[in-house]
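A short worksheet on the structure shown next.
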Amino acid sequence: MQTNAIKAAVTALKNNEIIGLPTETVYGLAGNAYSEIAVEKIFTLKNRPHFNPLIVHIKSATALTLVAKNIPLVAVQLADTFWPGPLTLVLEKQDHIPDLVTGGKNTVGVRVPNHPVALELLEQLDFPLAAPSANPFGSISPTTAKHVVDYFTDSLTIVLDGGSCDKGIESTIVGFENGQAILYRQGSTKVEDIEKITGPLQIRVHANNESVVAPGMLSKHYAPSTTTILTSDITSIIQKYSDKRIGVLQLSPTNLPSFVIAIETLSQTGNLEEAAKNLYAAMHRLDHQNLDFIIAQKMPAVGMGLAINDKLERAATT
Ligand code: TXA
Ligand code: MG
């Protein structure tokens, strides 16, 4: 598969260049995690504050000890259960992981991506890949190669095309404090599934700025530039805006009045996994329509609905 493209990516990465990388969650901006030169380039491209650490991508659970140490048993169980897959574990870092990757923390976020292109690439490298989502800091994450190209036309020479991301929202992030598993970020691995192994997860309340453990926790993130309103009751909210250019982001089909200019329906059957997969692409499309407002519907608070609501709350202006 794509042998030439992967070969070119291997060469670029060995030369400390940054590439666009497909994963099952969202596309990443990937570089050699052991190279400060490469990692600095990622921060610059993303315009990301240096205190925000990057996730390190490894090829298999057996490579975990190369980047992390003193790994709690429950973390090993989570890795065995969910990798490759959309679960990031925050663990004590090995000394050779640059401080730049971890935002100066002594912990590192690590996961094995579940995407054939990412895995094939990692297999051919003798270093792991640091990769944040491939969007400028604070904006909507990319779920297609085109989203990445649109964001970084002038600055990326290689964006590997792995199709539309299967999961569509970022990995779930779990850390460990005093032997207790803690949820740092909602994401594509369901909390209910993680809790089957960890027992009830402590959840870090949404924090701001200096107390932020993960930027995914910043209250304004994943945001379209269009003013976005999150509501459980689309029908009554849209009446207030009948003289505006509005777009609606909804879970499943409903009858909407004709003054609604743009309608994005995330799943014909109301399936929350499908909705997650379609979420960011729908937000990208709505954001390109010169709307006055995006009215987004709150999802049912179960399964992937919780993670979608978390992203929508951070996208919403009010
Ligand atoms: O699905 C994903 O996780 C995607 C794909 C590309 O793998 N990546 C991603 O990266 O979402 P990014 O940089 O957009 O978000 C990484 C999150 C940040 O919120 C960061 O703070 C957190 O991971 N993180 C990384 N290392 C951490 C650490 N040592 N302690 C706490 N949080 C950490
Ligand atoms: Mg991100």
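Atoms within each ligand, like the ligands themselves, are counted from 1 in listed order.
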* **Donor-acceptor pair, side chain of R111 and main chain of P84, under 3.5 angstrom** => no
* Report the C-alpha distance between D99 and K105 in whole Å, list the side-chain angles of each, state the deciding distance to 0.1 Å, and finish with yes or no for salt bridge (Lys or Arg N to Asp or Glu O under 4.0 Å). => CA-CA 7 Å; D99 285 341; K105 295 175 198 290; over 6 Å; no
* **Close N or O approach (K105, ligand 1; < 3.5 Å)** => no
* Structure fact -> With heavy atoms and a 4.0 Å threshold, my read on which part of H115 contacts ligand 1 is neither
* Asked: Between S171 and ligand 1, does any nitrogen or oxygen pair lie at a separation below 3.5 Å?
  -> yes
* To do: Return yes if a side-chain donor-acceptor contact under 3.5 Å exists between E170 and T25, otherwise no.
  => no
* **E170 neighbourhood, listing ligand 1 atoms whose heavy-atom distance to it stays under 4.0 Å** => 1 (O), 11 (O)
* Is it the side chain (CB and beyond), the backbone, both or neither of L54 that lies under 4.0 Å from ligand 1, heavy atoms counted? -> backbone
* For D292 and T227, does a side-chain donor sit closer than 3.5 Å to a side-chain acceptor? -> no
* Report yes if some N/O of S133 lies less than 3.5 Å from some N/O of ligand 1; otherwise report no. => yes
* Can you list the atoms of ligand 1 that are under 4.0 Å from a heavy atom of T25? -> 1 (O), 2 (C), 4 (C), 5 (C)
* Asked: When rounded to the nearest 0.5 angstrom, what distance separates OH in Y27 from CD1 in I19?
  -> 11.0 Å
* Asked: Backbone, side chain, both or neither: what part of I173 comes under 4.0 angstrom of ligand 1, heavy atoms only?
  -> side chain
* Nitrogen or oxygen atoms of R185 and ligand 1 under 3.5 Å apart -> yes
* To do: Please indicate whether any nitrogen or oxygen in T23 is less than 3.5 Å from any nitrogen or oxygen in ligand 1.
  => no
* E120 and H115: CA distance, side-chain angles, deciding distance, side chain to side chain donor-acceptor pair (under 3.5 Å) verdict -> CA-CA 9 Å; E120 192 177 334; H115 191 291; over 6 Å; no
* Mind checking whether A131 contacts ligand 1 via backbone (N, CA, C, O), side chain (CB onward), both or neither, at a 4.0 Å heavy-atom cut-off? => backbone
* Asked: Can you check whether Q186's main-chain N or O pairs, donor with acceptor, with D310's side chain at less than 3.5 Å?
  -> no
* To do: Check whether any N, O or S atom of S133 sits under 2.8 Å from the Mg ion (ligand 2).
  => yes
* Would a distance-only check, ignoring hydrogens and angles, find a side-chain to backbone donor-acceptor pair under 3.5 Å from Q268 to S252? -> no
* **Ligand-residue contact atoms, ligand 1 with R111, heavy atoms, under 4.0 Å** => 1 (O), 2 (C), 3 (O), 5 (C), 7 (O)
* Please state whether V90 comes within less than 4.0 angstrom of ligand 1, counting heavy atoms only. => yes
* Can you list the ligand 1 atoms lying under 4.0 Å from a non-hydrogen atom of G109? -> 26 (N), 29 (N)
* To do: Check whether any side-chain N or O of S171 sits under 3.5 Å from a backbone N or O of P86 as a donor-acceptor pair, and report yes or no.
  => no
* To do: Give the C-alpha distance, both sets of side-chain angles, the deciding distance and a yes or no for ring pair (Phe, Tyr, Trp, His ring centres under 6.0 Å) between Y241 and F293.
  => CA-CA 8 Å; Y241 296 97; F293 297 96; 4.5 Å; yes
* Answer with side chain, backbone, both or neither: which part of T107 has a heavy atom less than 4.0 angstrom from an atom of ligand 1? => both
* Evaluate side chain to side chain donor-acceptor pair (under 3.5 Å) for N278 paired with S267, printing each intermediate quantity in order. => CA-CA 8 Å; N278 292 327; S267 166; over 6 Å; no
* Asked: Within the structure, does Y27 bring an N/O atom to less than 3.5 angstrom of an N/O atom in ligand 1?
  -> no
* Asked: Does an N or O anywhere in H57 fall below 3.5 Å from an N or O of ligand 1?
  -> yes
* Asked: Applying a strict 4.0 Å limit to heavy atoms, is V108 in contact with ligand 1?
  -> yes
* Asked: Can you name the closest pair of heavy atoms from F82 and I197 and give their distance?
  -> CE1-CD1, 4.0 Å
* To do: Report, in ascending order of atom number, the atoms of ligand 1 lying under 4.0 Å from any heavy atom of P53.
  => 20 (C), 21 (O), 24 (N), 25 (C), 26 (N), 27 (C), 28 (C), 33 (C)
* Test item, R48 contacting ligand 1 (heavy atom, 4.0 angstrom) -> yes
* Structure fact -> Contacts of A131 meeting side chain to side chain contact (heavy atoms under 4.5 Å, CB included) (sequence neighbours excluded), chain-then-number -> A30, H57
